[in-house]
Structure formats: structure tokens, C-alpha cells
Amino acid sequence: MKLVNRIEQEVDQIRIAIYEKTKDMTPSQLTEYYRKSGETTAKKYGFKVIENAEVQT
């Protein structure tokens, strides 16, 4: 159970850090932040980013 608690603590710390970084952002700034973050992560791991189905129609 100690491992689970440590992992939960790490996830909570990450959530708090993201919240602190983004709490004063406007909705459009927040969208851009997550879009860039997603693109960076996708590039790092070789994923292909596709448009949302609603955007494509």
C-alpha cells in the first residue's frame, strides 16, 4: 500500500503544479496550453495527432 500512496502523492503534486501554472489563464489560453502540451508529448513518443471528429465535419 505504501507504493500506491507514493504514486497518489506524485499525481497530486503534478495536479497541483498544473493548477498553479494555469489557474489565471483564460479559456483560450488554457486550450492553447493543453494543445501545445499534447503536441509536444505526441512528438516525443511518436504519436499521430488527428483532428476532433466535430472539427472534420
Side-chain angles (χ1 to χ4, degrees):
M1 292 305 284
K2 288 182 182 182
L3 178 62
V4 173
N5 288 336
R6 192 177 83 231
I7 292 170
E8 286 180 26
Q9 288 173 348
E10 288 181 35
V11 170
D12 287 342
Q13 289 172 346
I14 293 167
R15 285 185 186 133
I16 291 168
I18 292 170
Y19 169 76
E20 290 297 327
K21 191 174 198 177
T22 62
K23 68 182 177 183
D24 296 323
M25 290 184 182
T26 65
S28 60
Q29 289 172 325
L30 192 58
T31 299
E32 185 65 16
Y33 169 81
Y34 281 115
R35 187 188 62 75
K36 284 182 180 179
S37 177
E39 286 177 355
T40 301
T41 302
K43 188 178 285 186
K44 179 178 179 179
Y45 293 103
F47 298 140
K48 180 180 177 184
V49 177
I50 59 171
E51 293 290 328
N52 182 326
E54 292 178 11
V55 174
Q56 291 178 353
T57 57

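No hydrogens, no waters, no symmetry mates; every other heavy atom, side chains included, goes into these values.
Grouped by direct or indirect side-chain proximity (heavy atoms under 4.5 Å, Ile/Leu/Val/Met/Phe/Trp/Tyr only), Y45 sits with F47.
Considering only residues two or more places apart in sequence or on other chains, Q9 meets the side-chain contact (heavy atoms from CB on, under 4.5 Å) condition with none of them.
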Listed pairs under 3.5 Å, donor-acceptor, residues 14-21 side chains, sequence neighbours left out:
from: R15; atom 1: NH1; to: D12; atom 2: OD1; distance (Å): 3.2
from: E20; atom 1: OE1; to: K23; atom 2: NZ; distance (Å): 2.9

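Identified under the side chain to side chain donor-acceptor pair (under 3.5 Å) test for residues 27-38, with sequence neighbours left out: T26-S28, T26-Q29, E32-R35, R35-E39.
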